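Note that the structure is predicted; figures quoted are calculated from it, not measured.
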Amino acid sequence: RGIGGLSMGGWGAVHYAEDYSQLYSYAASFSGALDTGNFTTETAIGAEEVGIVPGSGAPVPVGSIFGWEFWPVNQNVVNISGVNPTNVAKLKNTTVDLYVGTGTSNSGDGIIEEAVYPQNQLMAYNLSQAGVNYWYSQDHVNSANLGYGCDNNHDIMRWNAYLNEAMPKFMAAMNGSPLSNDTSSP
């Protein structure tokens, strides 16, 4: 089986693969907010909840997404963080692909992608240290060359390009075929 998700769903896919590693041979995170205990993540989520981030929609009560994000009551958020080395070690039998851009605009999508970029770097490092098969594709190709109008931000244009690339890996996982990996250090 394979699992994948976009943005918060990227965190969810990795988190499920960590908690149920016996079920998943492949997990993909597309611009995932993997470090739920990270101050930048907490701030970005809080800003989206109150509607400060451009394009974030109608405000909702703070804590609506992951619960109260900020210290000292965020210990559960830290415990469930995808980058937590204890959780990463559970992925020994799962191939993990991380897709993320760097954010290239002052739009809400650019701001959010800038926030998740370092978390994906940390996750790739922790996967490498734990000996987990992974592939980290942060800007492995110039965004314009990916097609689909890919703009390097936290949006459907980037995800369409990456989903197109990841789909053969999903299909290989579904068929029980071996997956190729890049386990070089980030």
Side-chain angles (χ1 to χ4, degrees), residues 1-45 48 65-67 69 74-103 109 112-140 153-156 158-174 178-186:
R1 291 183 191 158
I3 188 170
L6 314 171
S7 191
M8 185 190 306
W11 167 83
V14 169
H15 184 60
Y16 268 59
E18 289 170 340
D19 280 359
Y20 304 103
S21 59
Q22 75 280 7
L23 296 178
Y24 300 105
S25 62
Y26 177 76
S29 172
F30 303 89
S31 304
L34 300 173
D35 189 357
T36 50
N38 175 285
F39 180 76
T40 302
T41 304
E42 295 168 349
T43 303
I45 291 170
E48 282 193 294
I65 296 177
F66 279 113
E69 290 95 8
N74 70 343
Q75 188 57 49
N76 181 56
V77 173
V78 172
N79 291 344
I80 63 173
S81 172
V83 299
N84 181 327
T86 302
N87 296 338
V88 169
K90 297 175 188 175
L91 295 168
K92 282 279 194 190
N93 297 314
T94 305
T95 297
V96 179
D97 282 357
L98 304 174
Y99 295 89
V100 68
T102 55
D109 293 334
I112 298 302
E113 197 71 4
E114 286 176 6
V116 299
Y117 167 69
Q119 300 168 38
N120 282 265
Q121 286 184 303
L122 177 60
M123 182 67 168
Y125 175 80
N126 287 347
L127 289 166
S128 174
Q129 294 301 299
V132 174
N133 290 327
Y134 74 97
W135 191 64
Y136 178 53
S137 66
Q138 186 278 316
D139 276 345
H140 62 285
N153 291 325
H154 198 81
D155 56 30
I156 197 65
R158 170 160 288 287
W159 299 329
N160 277 341
Y162 282 156
L163 284 166
N164 186 55
E165 187 172 288
M167 195 51 65
K169 295 178 183 186
F170 271 112
M171 298 309 294
M174 296 297 153
L179 300 167
S180 61
N181 300 296
D182 173 10
T183 56
S184 58
S185 296

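Trp135 and Tyr99 have their aromatic ring centers within a separation under 6.0 angstrom.
The side chain to side chain donor-acceptor pair (under 3.5 Å) test applied to Ser7 returns His154, not counting sequence neighbours. Take Ala130 and apply the side-chain contact (heavy atoms from CB on, under 4.5 Å) test, not counting sequence neighbours, and it matches Val88, Val132. Residues meeting the side-chain contact (heavy atoms from CB on, under 4.5 Å) test with Met167, sequence neighbours left out: Phe170, Met171.
Nearest heavy-atom pair, Ser31 versus Glu113, reported as atom, atom and distance to 0.1 Å: OG-OE2, 2.9 Å. For Ala27 against Ala17, the heavy-atom pair with the smallest separation is CB-CB, 3.8 Å. Closest of all the heavy-atom pairs between Val14 and Ser29 is CG2-CB, 3.9 Å. Taking every heavy atom of both residues into account, Thr102 and Tyr117 meet most closely at CG2-CE1, 3.7 Å. Residues Ser25 and Ala173 share a closest heavy-atom pair of OG-CB, 3.7 Å.
From Asp109, atom CG reaches atom CG of Asp155 across 4.5 Å, with rounding to the nearest 0.5 Å. Here the CG-CG distance, from Asn87 to Asn126, works out to 10.5 Å after rounding to the nearest 0.5 Å.
Counting non-hydrogen atoms of neighbouring residues, nucleotides and ligands closer than 6.0 angstrom, the CG atom of Asp19 exceeds 12 such neighbours.
Relative orientation of the Trp11 and His15 rings is parallel, given thresholds of 30° and 60° on the angle between their planes.
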### Task
Using the side-chain contact (heavy atoms from CB on, under 4.5 Å) rule, take Gln121 and Tyr136 through it: C-alpha gap first, then chi angles, then the decisive distance, then the call.
CA-CA 8 Å; Gln121 286 184 303; Tyr136 178 53; 3.0 Å; yes

### Message
Please determine whether side-chain contact (heavy atoms from CB on, under 4.5 Å) holds for the pair Val96 and Asn133, giving the CA-CA distance in whole Å, both sets of side-chain angles, and the decisive distance to 0.1 Å.
### Response
CA-CA 6 Å; Val96 179; Asn133 290 327; over 6 Å; no

### Message
Using side-chain contact (heavy atoms from CB on, under 4.5 Å), reason through Asp97 and Tyr134 one step at a time and then give a plain yes or no.
### Response
CA-CA 5 Å; Asp97 282 357; Tyr134 74 97; 6.0 Å; no

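When atom types are taken as modelled, the side chain of Thr94 and the backbone of Tyr24 share a donor-acceptor pair closer than 3.5 angstrom. Of the possible polar contacts, one joining the Gln119 side chain to the Leu34 backbone as a donor-acceptor pair under 3.5 Å is found.
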